[in-house]
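Beneath this line is the structure, given in structure tokens, with notes to follow.
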Amino acid sequence: MLDIKYIIANLDEAKRKTANRGAEFDFDLLISLDDKRKSLQAENDQLKAERNKVSKEIGAIKKSGGDISEIQAKMREAGDRIAAIDAELNEAAEKMNDMLLNLPNLHLEDVPVGKDENENTLYKEWGTAKDFNFEAKPHWDIADGLGILDFERGVKVSKSRFTAYMGLGAKLERALINFMLDTHAERGYKEVIAPYLVNAEAMKGTGQLPKFEEDLFKCERDELYLIPTAEVSVTNLYAQEILDEENLPVKHCSYSACFRREAGSHGKDVRGLIRQHQFNKVELVKVTRPEDSETELMELLESAEIILQKLNLPYRVMTLCSGDIGFSSAKTFDIEVWLPSQGAYREISSCSTFTDYQARRASIRFRRKGEKKVEFAHTINGSGLAVGRTFLAVLENYQNEDGTVTVPEALRPYLGGLEVIS
RNA sequence: GGAGUGGUGGCCGAGCUAGGCUGAAGGCGCUCGCCUGCUAAGCGAGUAUACGGCUUAUACCGUAUCGAGGGUUCGAAUCCCUCCCACUCCGCCA
């Protein structure tokens, strides 16, 4: 969340950038709640100070055998007043906090201002689309022909948007995961496996709650949520902690299954692997010093790109505009991979810096060497990559006319040297 | 699932069955200073976080925090209630 003090000191900026997102927010109400909170607290603190003082005196008087009934009665009244102000104070503080939790992050100055995805700007392009001398098939047809995905049986045991990977399909998925993790490990990312089910506190920390509850699968009776991305469990590994500066940046890569309800995208991408309720992803997560976060974001983006480069899959990188970046993000690059069957680029990774927005919510702080004061860290994360979408991009870009799929060279060591899936 | 024990500062660990002098003994660790051929030992001082006030900034002052929330009380780490978590034993189980 944003720092209330920062908002007050930079109100124009906060209003402008929130409007740039297309978000509505009542800043005046927020500030009036803060004022109320402050004056109530000042009054309350004073009363409590008095009570603490007198209570000590009562102790002394009682010890020396004096009469305390009168002073005690007076303090009883003071206690009632404190309780009343306490209630009012808590209400104002809670309201203010609720508002703050629903206020999105401020974007960085170099983020293009725009309404929606149509105003995202091209950051770079890499690779050239292969020229097929036959009609490129969608991945579900390819997979069907090879018997490596079973959409019907996936639906049978669960519901729509759940799929079973069969035989070499399952192997290819696993090869991709291992290939990605190994590649990132070489670049200094420490591998972690964190819980898939997390509590509400963690979801609040990274910004999924309270605003996006309907996008999450929830295990009601245990009060736990299925993670929509490993970002949640990995980032929150450091919640409520004060890290040493020398341990920064923290760099993690993490494979996890991800679960999304996809509420509100009913008609979209109903066929194939693009939009599933459950999918695999390798996530990159960093905790950094504020001054390092922008360069670390670029390094993270590069790490994600390297996967596509090694697989020789054409892609482009888009800078998301102010209206399209996520709730908690201050700046986001999307990597989009080329899909020949659609003749279009589709998102395969999203790399963001959250500045200190998540760090404040999750209370992830650090102490500089020799300093007493603690500061909020910055958090960064990105997919490196969405495995299911990489899987389908490989099928589509490496398909042959006879329905077989050539295995990208980088993956062959992970598939026992296999060259063609047939 | 059954039975039990416990959650205190960076860590260990007192206090909790006589509620006030305990933000919290003691030890360890860490920081600074002294001492010292070097290291070790020794000596001295310091060592939580949040919010608010004051301040140019330090400093300082106030409030809160002993798993979380609520209650009793003039006053609670200490008493009562609810919840959460960890550990041990038994049962069950990948």
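Keep in mind that what you see is a predicted model, and the values were worked out from it rather than measured. In the text below, chain A, chain B and the rest are named by the order of the sequence lines, each starting its count at 1.
At most 12 non-hydrogen atoms from other residues, nucleotides or ligands lie less than 6.0 angstrom from CZ of A:Arg153. Counting heavy atoms of neighbouring residues, nucleotides and ligands inside a 6.0 Å radius, atom CZ of A:Arg81 does not exceed 12 of them. The 12-atom threshold is not exceeded at CD of A:Glu24, counting heavy atoms of other residues, nucleotides or ligands nearer than 6.0 Å.
Across A:Lys286, A:Arg289, A:Lys251, a single residue satisfies side chain to side chain donor-acceptor pair (under 3.5 Å) together with A:Glu296, and that is A:Lys286.
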- [ ] Produce a footprint string for nucleotides 49-57 of chain B: one letter per nucleotide, 5' end first; B if the base is under 4.0 Å from any protein heavy atom, S if only the sugar-phosphate is, - if neither.
- [x] SSBS-----
Using a cutoff of under 3.5 Å, can you pull out all pairs of nitrogen or oxygen atoms linking the protein to nucleotides 79-82 of chain B, with atom names and distances?
none

Close N or O pairs between protein and nucleotides 64-68 of chain B (under 3.5 Å):
{"unit_1": "B:A64", "atom_1": "OP2", "unit_2": "A:Asn52", "atom_2": "ND2", "d": "3.4"}

Pairs under 3.5 angstrom, nitrogen or oxygen only, protein versus nucleotides 17-21 of chain B, please.
{"unit_1": "B:G20", "atom_1": "O6", "unit_2": "A:Lys62", "atom_2": "NZ", "d": "3.3"}
{"unit_1": "B:G20", "atom_1": "N2", "unit_2": "A:Ser55", "atom_2": "O", "d": "2.7"}

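Residues in residues 66-115 of chain A take part in no ring pair (Phe, Tyr, Trp, His ring centres under 6.0 Å) pair, two or more places apart or across chains. Among residues at least two apart or in separate chains, side chain to side chain donor-acceptor pair (under 3.5 Å) pairs with a member in residues 377-389 of chain A are A:Glu231-A:Asn381, A:Ser293-A:His378, A:Gln358-A:Thr379. The salt bridge (charged side-chain N to carboxylate O under 4.0 Å, His left out) analysis of residues 187-197 of chain A, with sequence neighbours excluded, yields the pairs A:Arg187-A:Glu299, A:Arg187-A:Glu302.
Rounded to whole Å, the C1' atom of B:C60 lies 25 Å from the corresponding atom of B:G44. B:C84 and B:C92: their C1' atoms are spaced 24 Å apart (whole Å). Nucleotides B:C28 and B:A14 place their C1' atoms 15 Å apart, quoted to the nearest Å. When the P atom is compared between B:A25 and B:C74, the two are found 29 Å apart, to the nearest whole Å. Taking atom P on both nucleotides, B:G29 is separated from B:A24 by 22 Å, rounded to a whole Å. Comparing B:A77 with B:A64, their P atoms sit 9 Å apart, to the nearest whole Å. Nucleotides B:G75 and B:C21 place their P atoms 14 Å apart, quoted to the nearest Å. Atom name P, nucleotides B:A50 and B:G10: the rounded distance is 12 Å, in whole Å.
Classified by interplanar angle (parallel below 30°, tilted 30° to 60°, perpendicular above 60°), the ring pair A:Phe327/A:Tyr357 is perpendicular.
The backbone N or O of A:Leu273 lies less than 3.5 Å from a partner atom in the side chain of A:His139, making a donor-acceptor pair. Within the 3.5 Å criterion, the main-chain N or O of A:Pro228 finds a donor-acceptor partner in the side chain of A:Arg260. Checked by atom type and distance alone, the side chain of A:Arg368 never pairs as donor or acceptor with a backbone atom of A:Val374 at under 3.5 Å.
In this structure, A:Tyr315 has its ring center no closer than 6.0 Å to that of A:Tyr345.
Distance OG/A:Ser160 to NE2/A:His266: 9.5 Å, rounded to 0.5 Å. Distance check: A:Phe279 CZ to A:Phe259 CZ gives 9.5 Å after rounding to the nearest 0.5 Å.
For A:His277, the ring-ring contact (aromatic ring centres under 6.0 Å, His included) partners at least two apart in sequence or on another chain are A:Phe162, A:Phe217. A:Asp80 is linked by a salt bridge (Lys or Arg N to Asp or Glu O under 4.0 Å) to nothing, counting only residues two or more places apart in sequence or in another chain.
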Can you list, pair by pair, the side-chain donor-acceptor contacts under 3.5 Å of residues 165-184 of chain A, counting residues two or more places apart and other chains?
{"unit_1": "A:Tyr165", "atom_1": "OH", "unit_2": "A:Glu173", "atom_2": "OE1", "d": "3.4"}
{"unit_1": "A:Glu173", "atom_1": "OE2", "unit_2": "A:Asn280", "atom_2": "ND2", "d": "2.7"}
{"unit_1": "A:Asn178", "atom_1": "ND2", "unit_2": "A:Arg174", "atom_2": "O", "d": "3.4"}
{"unit_1": "A:Asp182", "atom_1": "OD2", "unit_2": "A:Tyr414", "atom_2": "OH", "d": "2.7"}
{"unit_1": "A:Thr183", "atom_1": "OG1", "unit_2": "A:Phe179", "atom_2": "O", "d": "2.7"}
{"unit_1": "A:His184", "atom_1": "NE2", "unit_2": "A:Gly384", "atom_2": "O", "d": "2.6"}

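Between A:Glu201 atom CD and B:G69 atom P there is a gap of 12 Å when expressed in whole angstrom units.
In textbook terms, a nucleotide whose glycosidic angle is within 90° of 0 is syn, and B:A18 is one such case.
Stem regions for RNA chain B, each three or more consecutive Watson-Crick or G-U pairs with both distances under 3.5 Å and listed by first number, read B:1-7 with B:84-90, B:10-12 with B:26-28, B:29-34 with B:42-47, B:48-53 with B:60-65, B:67-71 with B:79-83.
Remark: the A:Ser422 side chain and the A:Thr404 side chain contain no N/O donor-acceptor pair separated by less than 3.5 Å.
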TODO: Give the C-alpha distance, both sets of side-chain angles, the deciding distance and a yes or no for side chain to side chain donor-acceptor pair (under 3.5 Å) between A:Glu283 and A:Ser256.
DONE: CA-CA 8 Å; A:Glu283 183 76 359; A:Ser256 88; over 6 Å; no
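Interface residues of residues 70-86 of chain A facing RNA chain B, ordered by number: A:Gln72, A:Met75, A:Arg76; criterion, heavy-atom separation under 4.0 Å.
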